[in-house]
Undergrad: 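Sharing a structure below in structure tokens format, with a few things to ask.
Below, read A as the first sequence line, B as the second, and so on, with proteins coming before strands; counting in each chain starts at 1.
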Protein chains: 2
Amino acid sequence: MSDTELSDTRRRILDAAETLFTEHGFEATTLRQITGRAQVNLAAVNYHFGSKEALIQELFRRRLTWLNERRLEALDRLETEAHGAPLKPSKIVDAFFGVAVNMAADREGGGRTFMRLLGRTYTEPSEFVRGFLASEYSEAVGRFKAALFKALPDVPQEEILWRFHFMIGAMAYAISGADALSIVGETPVDDSAIDALYPRLMSFLLGGLRAPLPALAAAPKPGRKPRTRRAA
Amino acid sequence: MSDTELSDTRRRILDAAETLFTEHGFEATTLRQITGRAQVNLAAVNYHFGSKEALIQELFRRRLTWLNERRLEALDRLETEAHGAPLKPSKIVDAFFGVAVNMAADREGGGRTFMRLLGRTYTEPSEFVRGFLASEYSEAVGRFKAALFKALPDVPQEEILWRFHFMIGAMAYAISGADALSIVGETPVDDSAIDALYPRLMSFLLGGLRAPLPALAAAPKPGRKPRTRRAA
DNA sequence: GTCTATATCGGGATAGAC
DNA sequence: GTCTATCCCGATATAGAC
């Protein structure tokens, strides 16, 4: 299961695939490109993984298991320290998104590449990808949802879920959309910008999470502004 | 240029392609599927558009031109009413994102389908897609950036750009990630939820935009919390 | 376990009749 | 402008020698 047990060939294939999928997407990347970059034989992918699809699954499994374990460890630590009291929302957000952004800032181990890939994959329509992403996330997301509900007892739970959703979107796009396509800035987002991302993103996410609650009566029409009840 | 000038065949192809690209992605969708759904001949795509790539470009061009014209009209209206005074940030955000969410709420005209496609496409890595997306957006984004700079003179412009970025991500994921993959909720996001999206998203975006500014000194490490200067 | 060679398929694009 | 038939390519996957 751990990386050290992987044969060198397997590891090289996974690393090459990660890079190429990130740059060109799943469909546009061919086994020939992957095996070429990994300097292994074309047949090696099918020998070691069985199929291209199975390779993709294994690739996500190894990273996501690690990522969500770190998140749960961080949450465990917070809950232990709190002795049953509700956590501060900022701490919860930090535990969930901070671990991810940290992974994205890691250039050496390939975490950076993977997080860009992951961000794009959230919106991937293909059935089998959605399936295993959901199952990889279910435990961690369940725990974090519960923590947020407890931390924000006055905010309707449905609202919390939406805001969790929005937060994930902001992060995903910040990491993967940023260098793929800089719509807002002419200057492409470079490596140093990723390092500066963390505090900026955290401020934004917390501001959104604690925003005044919207009025949900009226039909969604631009020009109308949300009424202000306090969220937290 | 307008839809009415399109031959029926062209329009049917564009509509079918929009739906299929949204459901399965660009690469996974074949010309055979598109022409089959549009009930036109296989050769018609190449006759009318020249290639699959050109079809994709035309598809985005027709929707994005319309979308960004509406955005600029809304901004024009605000600026006219303001007689040169800075606009309220909430109005600017409303003009930019409200138009998009409204388009996403439109089930009949296919706007809903297109917005889901657009959200995914922001993170599309392929070169030619990035190129024309950036050019389609440049004018509108430039104008809105300028309006935000003027509306928030005390916030560093770089920070505003980042937050604009985060806002786009939150919206894109809310619209396209929502039904593609519901990571946070077990219940898939249905049509009525999209209608309720607007006020929720606006509150979140404004909360994020006006969040206290982050301290940018320290290295990005989870566990550290951003210092608080006021953003607006 | 790793290679070469190949089977099999389905893609985009086009030629040329109508 | 629309059709049928087909070209040509490159994809995944596998068979079988080493």
Undergrad: Rounded to whole Å, please give me the gap between CG in B/Asn46 and C1' in D/dA5.
TA: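 Distance check: B/Asn46 CG to D/dA5 C1' gives 15 Å.
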Undergrad: If I take atom CD1 in residue A/Ile34 and atom P in nucleotide D/dA13, what distance separates them, rounded to the nearest angstrom?
TA: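 It is 11 Å, rounded to the nearest whole Å.
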Undergrad: Side chain of A/Leu42 only, heavy atoms from C-beta on: which candidate in D/dA13, C/dC3, C/dG12 is closest?
TA: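 My answer, after comparing the listed nucleotides, is D/dA13.
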Undergrad: What closest approach, in Å, do B/Thr121 and B/Leu117 show between heavy atoms, and which atom pair accounts for it?
TA: OG1-O, 2.6 Å
Undergrad: Can the ring centroids of A/Phe60 and A/Phe132 be said to lie less than 6.0 angstrom from one another?
TA: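 Between A/Phe132 and A/Phe60, which both carry aromatic rings, the centre distance is below 6.0 Å.
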Undergrad: Rounding to an integer number of Å, can you tell me how far B/Glu53 CD sits from C/dG12 P?
TA: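 Value for this atom pair: 12 Å.
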Undergrad: Taking atom types as they are modelled, is there a donor-acceptor pair under 3.5 Å from the base of C/dG12 to the side chain of B/Arg32?
TA: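 Checked by distance alone, the answer is yes.
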Undergrad: Ring centroid separation for A/Phe164 and A/Phe144, is it under 6.0 angstrom?
TA: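 For A/Phe164 and A/Phe144, the ring centres are not under 6.0 Å apart.
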Undergrad: Nearest whole angstrom, please: distance from the P of C/dA13 to the CG of B/Leu31.
TA: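 Answer to the nearest Å: 6 Å.
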Undergrad: Rounding to a whole Å, what distance do you find between B/Glu27:CD and C/dG10:C1'?
TA: 14 Å
Undergrad: Determine, for B/Phe204 and A/Arg163, whether the Lys NZ or Arg CZ falls below 6.0 Å from the six-membered ring centre while staying within 45 degrees of the axis.
TA: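 Judged by the rule (NZ or CZ under 6.0 Å from the ring centre, within 45° of its axis), A/Arg163 is not positioned above B/Phe204.
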Undergrad: Nearest to the side chain of A/Asn41 - C/dA15, C/dA13, C/dT4?
TA: C/dT4
Undergrad: With a 6.0 Å cut-off on ring centres, are B/Tyr198 and B/Phe97 close enough?
TA: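 That pair fails the under 6.0 Å test.
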Undergrad: Want to settle it: does A/Gln33 or A/Gly50 sit nearer the 5' end of DNA chain D, counting the closest nucleotide to each?
TA: A/Gln33
Undergrad: Taking the side chain of B/Tyr47 as its heavy atoms from C-beta onward, which of D/dA11, D/dT2, D/dA13 lies nearest to it?
TA: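 Looking only at side-chain atoms, B/Tyr47 lies closest to D/dT2.
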Undergrad: Which of the following nucleotides, C/dA13, D/dT14, C/dT2, is nearest to the side chain of A/Thr9?
TA: C/dT2
Undergrad: Return the value, rounded to whole Å, for the distance between atom CD1 of A/Ile13 and atom P of C/dG1.
TA: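 That distance rounds to 13 Å.
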Undergrad: Report which part of the nucleic acid B/Thr35 touches: base, sugar-phosphate, or nothing (heavy-atom distance under 4.0 Å, all strands).
TA: nothing
Undergrad: Among D/dT2, C/dG12, D/dA13, find the nucleotide with the atom closest to the side chain of B/His48.
TA: D/dT2
Undergrad: I want to verify a distance call: between D/dC3, C/dG12, D/dT14, whose nearest atom is closest to the B/Ala43 side chain?
TA: D/dC3
Undergrad: Which one, D/dA11, D/dT14, C/dT2, comes nearest to the side chain of A/Thr30?
TA: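 Between D/dA11, D/dT14, C/dT2, the one nearest the side chain of A/Thr30 would be D/dA11.
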Undergrad: How long is the line joining CG of B/Leu55 and C1' of C/dA13, in whole Å?
TA: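 It is 14 Å, rounded to the nearest whole Å.
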Undergrad: D/dT2 C1' sits how many Å from B/Asp8 CG, rounded?
TA: 14 Å
